[in-house]
Peer 1: 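Handing you a structure now.
What you see below is based on every heavy atom in this structure, not just the backbone, and it leaves out hydrogens, waters and symmetry mates. Order of the sequence lines sets the chain letters (A, B, ...), proteins ahead of strands, with each chain counted from 1.
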Amino acid sequence: MSATARAQTPMPWLPPASSAPDPAPVTSDQMLAGVSAEAWYEHFDVDLGRAGGKGSAGGDDARLVIDYRRIFKLTPWLELHLSDRFDETELIDGPSFSQGSFTAHGAVNSLREAYLAVRLADGASPVFVDAGRINVREGVGSGYNPTDYFKTDAVLSATTFDPGALREDRLGVVAVQAQQIAPWGAWSLTLAPRLAPPVSAVSLDAKAPPLYLGLDRTNGYAAALAKLSPQISQAVSADFLAFAQQGHAMQLGLDLSALLSNALVGNVEISAGRQAFLAGPDSAPQKTAWDARAAANITWTTPQGIDVTIENIFDGDGLTGGQAAAWSRAHTAAARQHYAALVEERSAAQEPLGRVGAFARLGWRDAFQHQGLSLSAFVLADESDGSLLWQASASQSFGHWTAGTNCGAFEGRRVSEFGSNPLRVYFTMHVARSF
Amino acid sequence: MRALPVGRNARAGVQRFFALTAYRLGSALHLWHAGFLQHPHQTQRRNPGKSAQSRQSACAPFMSSCRRAVVVFSMLRKGVASAGFAIRAKRIFLLVPVVANIAATPAPQALLQLADAVRNPQGSFSTDITLSEYRERRLVATSSLVVYSQPAENSGQYNNLIKFTRPVDDAGKLMLRNGIDLWLFDPVSSASIRISPQARLLGQASNGDVMSTVWAKDYAATLTGAATVADGDGAAHRCSVLHLLATRPDVTYQAIDLWLDQDSHAPVRADYRTQEGRLLKTAYFRRFENILGVARPTETVIIDGLNPDWVTVMESAHITARSMPASWFQRSYLGRFAGDAG
C-alpha cells in the first residue's frame with residue numbers, strides 16, 4: 001500500500017487536545033528531597049548448625065526504616081547534601097543470631113552522606129570541591145566492583161542482598177574531593193584522612209550504638225583516590241583510577257564501558273595491584289604479589305524493555321577451587337573458625353571469597369506495560385566452591401506509595417562462600433510512603 | 001551451579017577469566033546471529049532490497065523523472081556547447097515539463113530541512129514535555145520531563161539532556177544523549193550508567209520521540225507523491241509525502257513515511273517503520289502555535305502500530321531559546337546538574 005493510500009485510511013481515535021489532567025508538578029525542592037518511611041516484615045529460616053548450634057529454625061522480624069535524602073541549595077555556588085537512614089528492627093520470634101548487616105537488631109543509624117559542595121569556577125571548565133562524608137562510588141560492574149575502593153566495611157544495615165542496593169545504602173567516606181570538568185573530560189582527586197583506628201572483626205559483629213558514625217569502618221586508614229575520565233569516543237568511555245591507602249599497596253583501576261549495538265552495552269572493570277592471597281587450611285598465607293580483580297558484563301535490553309545482564313567475576317587473590325575443597329575437608333574447630341572469619345572478612349569488604357564467580361540479573365521496569373511495576377532477579381555464584389545466592393524482587397508504586405517483596409536463598413555446602421551463611425531462605429514484604 | 005576447575009595460580013585464573021568472558025560474549029553473539037538479538041544491519045542483509053522493491057513500484061514513475069532531471073541538470077552544468085549538443089537539446093526539450101514540475105517543489109532533502117526548521121527552534125533551547133498514556137481511551141499514566149537541547153559542534157545533530165520531573169519515583173533522574181552516547185543518572189545511587197538506545201524509560205514513548213533530532217542529518221529522503229491528509233486536529237492539509245531511510249543504524253526508527261504541509265512544510269503525520277516496512281507507530285502532529293516566530297506543533301499523538309488503542313500524547317510547552325554551558329552535556333557533569341540553576 002502506498003503512502004498516499006495509507007493516508008486515506010480512517011483516522012483512529014485521538015484524545016482531545018490537552019484532555020489529560022495536569023497533575024501538580026514536582027517542584028525543584030521536591031526533586032532535591034526524598035524522605036520515605038518504610039515498614040518491613042521479614043521472615044527467615046536459619047540453619048543453626050551454620051551458626052554454631054544445632055538444627056534449623058524460622059524467625060520473623062519487624063523493621064521500621066526512615067530514609068532521608070536532601071540537597072539544600074544554600075547559595076548558587078554552595079550546596080549541603082544530607083543522606084541518612086535509620087533502621088529499628090525487632091525480633092518477633094525465632095532465634096537471635098548475628099550475621100552481618102541484614103540481621104542486625106535494634107536501632108541502627110547510617111549517616112550515609114553529609115557534605116558541602118562548592119562550585120569554585122564556572123564556564124567551560126567548572127571546578128567543584130566537596131568536603132564531608134561522601135559516598136564515593138566507582139565501577140561499572142553489576143555484581144562486583146573491584147574499583148569501588150571505598151566499599152570495604154561500609155554497609156551498616158541492609159534489607160536486601162542486591163549488590164546494587166548495597167552500593168547505595170552504605171556509609172560514605174569522610175573526605176575532601178576536588179573535581180574539574182573540562183571539554184576534554186574530567187579529573188577528580190579524593191583525599192580521606194584517618195579519623196579512627198580501623199574496625200576490628202569483633203566490632204563488625206557487635207551491635208552499633210544508635211548514633212554510631214562508623215568512622216572506624218570508613219576512615220580507619222588515610223587514603224587517596226585519583227580519577228581521570230577523558231572523552232574518548234561516543235561509543236566507548238573509560239575511567240582511569242589510582243588508589244593509595246595507608247598500609248596497603250597502591251591499586252590501579254580501569255572502568256571501561258562500550259555500546260556494542262542498539263541493545264547491547266558491555267562493561268569491563270579491572271583493578272590491579274599487590275594483594276595478599278588467600279590460602280588453603282594447610283598452607284601458610286602467601287606473601288603479597290601482583291594480582292588482578294575484574295568484572296566484565298554485557299547488558300542486553302530486549303524489545304520488551306527487559307534488561308538482561310551476565311557478568312564474569314575474577315578475584316585473583318581469592319580461593320581457588322582446590323583451596324575451597326581443602327577448606328571443606330578440614331574438620332577441626334580451629335579450621336572452621338578460621339574459615340568463618342575469612343568469609344566474614346570478605347563479605348564485609350564486599351570482595352568475593354572465591355577466585356572465579358558469575359553474576360546474572362534480570363530487570364524489568366514497567367513490567368507487562370504496567371506503570372510502576374518493577375520486577376528483578378539476580379544470582380551471584382562462587383564458581384570456586386559451587387555456592388550461590390539468589391534473590392527475586394517485585395515492587396509496585398502507586399504515586400507516593402510503594403509496596404514490595406523480596407525472597408532469596410543461600411545455597412551451597414556448609415563450608416562454602418554462600419552456603420556457610422546461617423540464613424538459608426528469607427522473605428520480606430514492605431510498604432513505603434515517600435514525602 | 002557446577003563448580004568449575006580453577007587454575008593453580010593467578011595467571012591461569014586471569015587466562016580462565018578472559019576465556020570465560022570470551023565464551024559468554026561468543027554465546028551472546030551467537031544468539032544475536034541466530035536472530036534473538038536482532039540488529040538492523042542483519043535484517044538488512046536478510047531482506048536485501050525487499051522493502052526497496054515494494055517502494056519502487058509506487059515511486060517508479062517519479063524516480064524515473066528525477067533521474068532524467070538529474071541528467072538534464074548535469075548536462076547543463078557540463079556545458080551545452082559540446083559535440084552532442086543537438087541530441088541533448090532534444091532531450092532537454094522533451095523534459096521541460098518534468099523540470100518545471102521539480103522546480104516547483106524543493107528537493108526532498110531540502111523539504112526535510114524545512115520540516116526540521118519547523119520542529120526545532122534555531123540554536124539551544126529547552127522544552128517542558130508531558131507524556132500521557134492511554135489504553136482503550138483511558139488515561140493510565142502520565143510523566144513529565146524537561147528537555148535541554150544544544151546543537152552539537154561537529155555532527156549537526158543535537159545533544160540532549162533530559163530531566164525527569166514526574167512521576168515522583170523518577171523525579172531528578174537525568175538522561176544524556178550525545179550522538180550514540182546515552183547515559184542515565186540516578187540521584188539515589190549518584191551513579192551514571194551507560195544504557196543502550198533500546199532501553200525504555202518513558203513508557204510507550206521512545207527516547208527518540210522526546211529528544212530533539214535533525215531528521216535531515218539522520219535520513220535520506222525521497223519524494224513519493226502528494227496527498228491530502230488530516231492532522232491531529234482533524235484539519236485537512238495538502239501534503240508532500242516523503243519516504244525517509246535511516247543513514248545510521250542507531251536512530252530510533254529505520255524508516256519514516258512523512259507527510260509535510262506543502263505550504264508551511266510543517267509535519268502533519270509520520271508513520272514510523274522498521275527497515276522491512278513494518279509499522280511501529282503513527283504520529284499525528286497538532287495544536288500548532290506560533291513559537292519563536294514559527295508555527296510549530298505543540299502536541300504529537302503517537303499511536304501504537306500493533307494496537308491502535310495504545311495512544312501516547314506528547315505535549316510540549318515553554319519552548320524557550322536559551323544558552324547552556326557545554327559542560328551540561330558531559331557525563332561527568334550529571335552528578336553536578338542542578339537544573340536551571342546549573
Peer 1: Below 4.5 Å from any heavy atom of chain A, which atoms of B/Val268 appear? Answer side chain, backbone, both or neither.
Peer 2: neither

Peer 1: Would you indicate whether B/Glu136, at its atom CD, is surrounded by more than 12 heavy atoms from other residues, nucleotides or ligands within a distance under 6.0 Å?
Peer 2: yes

Peer 1: For B/Val188, is it the side chain, the backbone, both or neither that has a heavy atom under 4.5 Å from a heavy atom of chain A?
Peer 2: both

Peer 1: Give the member of A/Gly266, A/Ala182, A/Ser83 that has the highest number of heavy-atom pairs under 4.5 Å with chain B.
Peer 2: A/Ala182

Peer 1: Side chain, backbone, both or neither: which part of A/Gln323 has a non-hydrogen atom closer than 4.5 Å to chain B?
Peer 2: neither

Peer 1: Under 4.5 Å from any heavy atom of chain B, what part of A/Ala289 do you find: side chain, backbone, both or neither?
Peer 2: neither

Peer 1: Just to verify, which of A/Arg167, A/Glu113, A/His81, A/Arg170 counts as forming a side chain to side chain donor-acceptor pair (under 3.5 Å) with A/Asn135?
Peer 2: A/Arg170

Peer 1: Taking 4.0 angstrom as the limit, do B/Arg287 and B/Glu315 come out as a salt bridge?
Peer 2: yes

Peer 1: Side chain, backbone, both or neither: which part of B/Ala141 has an atom under 4.5 Å from a heavy atom of chain A?
Peer 2: both

Peer 1: Output yes when a side-chain donor or acceptor of A/Trp364 lies under 3.5 Å from a complementary backbone atom of A/Gln304, and no otherwise.
Peer 2: yes

Peer 1: Identify which of A/Asp239, A/Asp307, A/Asn267 forms the greatest number of heavy-atom pairs closer than 4.5 Å to chain B.
Peer 2: A/Asp239

Peer 1: Contact part of A/Ala324 toward chain B, heavy-atom cut-off under 4.5 Å: side chain, backbone, both or neither?
Peer 2: neither

Peer 1: Pick from A/Ala258, A/Gly372, A/Ser229: which one has the most heavy-atom pairs with chain B under 4.5 Å?
Peer 2: A/Ala258

Peer 1: Examine whether an atom of B/Arg331 lies under 4.5 Å from a heavy atom of chain A, and if so say whether it belongs to the side chain, the backbone or both; otherwise answer neither.
Peer 2: side chain

Peer 1: Is the side chain of B/Thr282 donor-acceptor paired with the backbone N or O of B/Asp271 at a distance under 3.5 Å, no angle test?
Peer 2: no

Peer 1: Under 4.5 Å from any heavy atom of chain B, what part of A/Asp130 do you find: side chain, backbone, both or neither?
Peer 2: side chain

Peer 1: Can you confirm whether or not the ring centre of B/Trp328 sits under 6.0 Å from the ring centre of B/Phe337?
Peer 2: yes

Peer 1: Under 4.5 Å from any heavy atom of chain A, what part of B/Ile193 do you find: side chain, backbone, both or neither?
Peer 2: neither

Peer 1: Taking side chain as everything from C-beta outward and backbone as N, CA, C, O, which of these in A/Thr299 sits under 4.5 Å from a heavy atom of chain B? Side chain, backbone, both or neither.
Peer 2: neither

Peer 1: Can a donor-acceptor pair be found, under 3.5 Å and without considering hydrogens, that links the side chain of B/Thr300 to the backbone of B/Phe285?
Peer 2: no

Peer 1: Which atoms of A/Thr302 come close to chain B, meaning under 4.5 Å heavy atom to heavy atom: side chain ones, backbone ones, both, or neither?
Peer 2: backbone

Peer 1: Under a 4.5 Å heavy-atom cutoff, which of A/Ala117, A/Ala235, A/Gly305 has the most pairs with chain B?
Peer 2: A/Ala235

Peer 1: I'd like to check A/Gln371 versus A/Phe398 (side-chain heavy atoms, cut-off strictly below 4.5 Å). Are they in contact?
Peer 2: no

Peer 1: Quick one, A/Pro126 and A/Gln180 - any side-chain contact, counting heavy atoms below 4.5 Å?
Peer 2: no

Peer 1: Using non-hydrogen atoms and a 4.5 Å limit, figure out which bit of A/Glu138 sits close to chain B: side chain, backbone, both or neither.
Peer 2: neither

Peer 1: Whether B/Arg135 and B/Asp309 form a salt bridge (side-chain N of Lys/Arg under 4.0 Å from carboxylate O of Asp/Glu) is what I want to check.
Peer 2: no

